[in-house]
Every structure is written in C-alpha cells, then in structure tokens.
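These notes are about the structure you will find just below.
Note that ligands are numbered from 1 as they come in the structure, with each ligand's atoms numbered from 1 the same way.
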Amino acid sequence: MKVGFIQFNPRFGEADRNLETLERLVEAVDADLLVLPELFNTGYLFVNADEVGALSEEIPGGKTTEFLIRLARRKGIHLLGGLAERDGDRFYNSAVLVSPGGYTGKYRKVHLFFEETLWFTPGDGEFPVFDIGSCRLGVMICFDWYFPEAARVLALKGAQVIGHPANLVLPYCQEAMKTRCLENRVFAVTCNRTGTENRDGKSLTYTGKSQVVNFRSEVLLRAGEAEETVGIVAFDPAQALDKAINLHNDLFRDRRPSFYGEIVKTG
Ligand code: ACM
C-alpha cells in the first residue's frame, strides 16, 4: 500500500487558492491514500463564529467535498482531509474521506482544542473505521492524539492505519504518535500544516513534521518543519493485524478491561 501526506501552508479564507495548491501537489502522486491537513481548505485561525458560518460547507454536497471527489476519481486515489462542516445551525471540525467511487464518510472531531470550543460543536458520532480496499482506515483529528482512548478505540475496531489530519501548534504530537502506534500496533499518517497565521492580534505557528509511523513506532517518513512536502511511503498494512508482542504476550488478548473502569466512567 502506498500512503502519504500533503503538507502545505493553507491561506486563511482562500478556499479556491488552497484547492488549487492541493491539485498542483497531488498531480504527480501515485498512491492509494493521501492525508491532508485539518481545515485544509479554510485555514485554522477563526476569530469569530460568523467566519465559521461563512467558510463552512455541507459534507457531503459542499464545494470542497465535490472537488475532492473529482480529484480522487481522476487520480484513482483515496483522500482524507479536514474542513469546517455546516449542518443546519451547527458547525463541526470534520474530516471527509472520498474514494475514486465518490463520498465515503466523515468524522467530526471529538476533542476540540482551545478556541475551537467557541465555534464548533464536539463530534457526536463514533471514531470511524473505513474499509478502503487496501486497508482498514481509522480517522481522528489533531488534538484527539492527546487522548489515547481515541487511537485505542480505532485499533480495537480493526483500524490498521490511522489517518490523522492535523494543525499542530504544540511540539509533542509527532513523538507521542510513535507511542500511539506501538501501544496499538497500527500505522499512523499524521498530516500537519506549515506556516504562521496572524489574525486579529492572534498568532499561531504550525509545527510541520508530518509523518508516517509504523506499528513498531518507527518513523518511516517525516517532513521538515516549514517545507511544502508531498511524502509517500509504501508498507504492508497486514502487519498491523498481528497483535502478538512475543510468544507469550498479545496486545489485545492480554488487555484487562475489568481493571480499566475509571476510563469509561462518565459521572
Ligand atoms: C489542534 O487540535 N488543531 C491542535
């Protein structure tokens, strides 16, 4: 399976330009799956709810999803990327998955980061796992990495590869994802963005270093901090099906959920 990421610097509020950039970068790619950044069509640093309202789209049906479907069909590829979703009077920080056959599904970010909590509604669906032919693909978005339960749930649901659109501003995720992969014996593709956004007196700098990590926590590929990068790597996702750690230990069989009750208490 050939998997990759498109690390670039989306311009805030310039969806057409960002889609053109994506199309240019994807042109030469030959892969089964490409992961794009979180909020790749709009940029990240919203400063009020009106902006979210103006820049969000329906999934499916919106302009960006339609664009991705055409691109996926033409290139014979799966694309997973983040965008602001509008559903009635609610807005979600979502990821959409499209295949050469069309719209496949979406995920609404469960763990919202910082001021996202002001504009977006937290995800109300499950952490999804999609059969995309070449692998079973689980999806989470950016800050979900901070909650190990997200990757665990995806792995328990059969994900072999975690697709992880991101707009990372903290320096920890890239190293932490190595542990997420090791503790679940899965592959992960984190696609981060680059650049700095300055808006309304606020400033965020994104940490780049998009990466592909294997089930042994080895970094197969990592981009630099600031460069626009199309990264592609080949691996066998079937390796994620074997949860044996050694002759006597199996990652999933050896779990002891009866001791983990605190994790699922909601009160
Ligand atoms: C993040 O969740 N975009 C940090």
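For the pair R11 (side chain) and G43 (backbone), a donor-acceptor distance under 3.5 Å is absent. Listed for the N192 side chain is a donor-acceptor partner under 3.5 Å among the backbone atoms of L168.
For the 3.5 Å distance criterion, the side chains of N18 and E14 fail to qualify, holding no donor opposite an acceptor. Residues N93 and R108 have side chains that never bring a donor and an acceptor to within less than 3.5 angstrom of each other.
Atom numbering of ligand 1 starts at 1 in the shown order; those under 4.0 Å from a heavy atom of Y44 are 3 (N). The atoms of ligand 1 that sit less than 4.0 Å from any heavy atom of E116 are 1 (C), 2 (O), 3 (N).
Counting heavy atoms under 4.0 Å from ligand 1, residue F143 touches it through both backbone and side chain.
Remark: ligand 1 and C142 share no N or O pair separated by less than 3.5 Å (distance only, no angle test).
Looking at E38, R193, K109 and measuring to atom 2 (O) of ligand 1, the nearest heavy atom belongs to K109.
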Taking it one step at a time, do F46 and F12 satisfy ring-ring contact (aromatic ring centres under 6.0 Å, His included)?
CA-CA 8 Å; F46 293 98; F12 189 88; 5.3 Å; yes
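The shortest heavy-atom distance from N167 to ligand 1 is under 4.0 Å.
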